[in-house]
Number of protein chains: 2
Amino acid sequence: MKNKLKVLRAERDWTQAQLADALEVSRQTINAIEKGKFDPSLPLAFKAARLFKLSIEEIFQDEE
Amino acid sequence: MKNKLKVLRAERDWTQAQLADALEVSRQTINAIEKGKFDPSLPLAFKAARLFKLSIEEIFQDEE
DNA sequence: ACTAAAAGTTAAGTGTGCTTTACATCTCTA
DNA sequence: TAGAGATGTAAAGCACACTTAACTTTTAGT
């Protein structure tokens, strides 16, 4: 599962910690998701979509 | 997390077991998701979206 | 009413999403 | 070059996504 969190953060000049705060998860969780260590839960994906005003599919891309 | 799996199944006249097969999960998993016992993982949500040719948001609705 | 298939439910087990704590590395600027 | 903020990484632990197996209840056809 790929994702655009790092780019979306960069566009807004946010740190991992700031994004973590906005999504109410730990900084390590954001780091791990950005680095592809694991996939977010569906509720967390929805939260990110709401935050960035994008669809889940625009933020996260299934690699088959 | 609400979802339209039961309706989408009904439209196609599929059983829970058939949908489970198509999504490569157990029948109990489909039942539990339909009954709202837990949320699917993001990869499983993507798989369902591909299967039904719908967006994740069209199948699963976050209730806040 | 019988039967069979479908749906519902429960219990015990495995893997992973996410946590806290802690420490290491990188980058920038004073 | 020292220090601060940002990022990366690791370990231990908890909650939940998902499994298999087994059983009960509902639904529909004959």
Side-chain angles (χ1 to χ4, degrees):
Chain A
M1 183 87 54
K2 286 182 55 184
N3 69 78
K4 302 204 167 118
L5 292 185
K6 190 170 180 176
V7 173
L8 293 167
R9 260 195 323 110
E11 287 173 355
R12 289 156 182 80
D13 204 24
W14 289 352
T15 66
Q16 290 183 344
Q18 287 173 324
L19 177 55
D21 264 11
L23 296 179
E24 296 176 292
V25 292
S26 69
R27 181 182 64 84
Q28 287 79 349
T29 291
I30 297 301
N31 188 291
I33 293 171
E34 282 192 5
K35 306 290 287 184
K37 286 193 145 197
F38 54 71
D39 300 323
S41 67
L42 186 54
L44 181 51
F46 265 102
K47 227 169 176 179
R50 274 203 309 276
L51 177 64
F52 291 118
K53 300 191 200 305
L54 293 172
S55 70
I56 289 179
E57 287 86 349
E58 284 170 321
I59 303 178
F60 301 96
Q61 294 87 37
D62 208 14
E63 11 201 8
E64 221 114 342
Chain B
M1 183 87 54
K2 287 181 52 184
N3 69 77
K4 301 204 166 118
L5 292 185
K6 190 169 180 175
V7 173
L8 293 167
R9 260 195 322 110
E11 287 173 355
R12 289 157 182 77
D13 204 24
W14 289 352
T15 66
Q16 292 182 343
Q18 286 173 324
L19 177 54
D21 264 10
L23 295 179
E24 295 176 291
V25 292
S26 70
R27 180 182 66 84
Q28 286 81 347
T29 290
I30 297 301
N31 188 289
I33 293 171
E34 282 192 4
K35 305 291 287 184
K37 287 193 144 198
F38 53 72
D39 301 322
S41 67
L42 186 54
L44 181 51
F46 265 102
K47 226 168 176 179
R50 274 202 308 276
L51 177 63
F52 291 117
K53 300 192 200 307
L54 293 172
S55 70
I56 289 180
E57 287 86 349
E58 284 171 320
I59 303 177
F60 301 96
Q61 293 88 36
D62 208 14
E63 8 201 11
E64 216 121 340

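In what follows, chains are A, B, ... by sequence order, proteins preceding strands, each numbered from 1. We use all heavy atoms of the structure for the numbers below, so side chains are in, but hydrogens, waters and symmetry mates are not.
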Counting any heavy atom closer than 4.0 Å, what does T15(A) reach on the DNA or RNA strands: base, sugar-phosphate only, or nothing?
sugar-phosphate
Just to be sure I understand the rule, does S41(B) reach a base, reach only the sugar-phosphate, or reach nothing, if contact means heavy atoms closer than 4.0 Å?
sugar-phosphate
Mark yes or no for a side-chain to base donor-acceptor pair under 3.5 Å between Q28(A) and dT21(C), with no hydrogen or angle criteria applied.
yes
When you look at E57(A) and F46(B), which way does the side chain to side chain contact (heavy atoms under 4.5 Å, CB included) test go after all the steps?
CA-CA 9 Å; E57(A) 287 86 349; F46(B) 265 102; 4.0 Å; yes
5' priority, DNA chain D, between E24(B) and Q16(A) [closest heavy atom]:
Q16(A)
For [X] and [N], what is the distance between atoms [atom1] and [atom2] respectively, to the nearest whole Å?
X      : N       : atom1 : atom2 : answer
I33(B) : dG8(C)  : CD1   : C1'   : 15 Å
D39(B) : dT16(C) : CG    : P     : 19 Å
W14(B) : dA7(C)  : CH2   : C1'   : 18 Å
L23(A) : dT19(C) : CG    : P     : 10 Å
D13(A) : dG5(D)  : CG    : C1'   : 13 Å
R27(B) : dA6(C)  : CZ    : P     : 10 Å
I30(A) : dT9(D)  : CD1   : P     : 16 Å
D21(A) : dT19(C) : CG    : P     : 11 Å

Quick one: is [X] getting a side-chain N or O under 4.0 Å of the [N] phosphate, OP1 or OP2?
X      : N       : answer
N31(B) : dG8(C)  : yes
K37(A) : dT9(D)  : no
R9(B)  : dA7(C)  : yes
S26(A) : dC18(C) : no

Closest nucleotide of DNA chain C for A32(B) versus for V25(A): which of these residues is on the 5' side?
A32(B)
Single-linkage hydrophobic cluster, 4.5 Å side-chain cutoff, V7(B) and L23(B) together:
no
Per side chain to side chain contact (heavy atoms under 4.5 Å, CB included), F52(A) is matched among E58(A), K47(A), E11(A), R12(A) by R12(A)
Is there side-chain contact between L42(A) and I56(B), with at least one heavy-atom pair below 4.5 Å?
yes
Check: N3(B) side chain, I33(B) main-chain N or O, donor-acceptor pair, under 3.5 Å:
yes
Taking the side chain of T29(B) as heavy atoms from C-beta outward, which of dT19(D), dT9(D), dA17(D) is closest to it?
dT19(D)
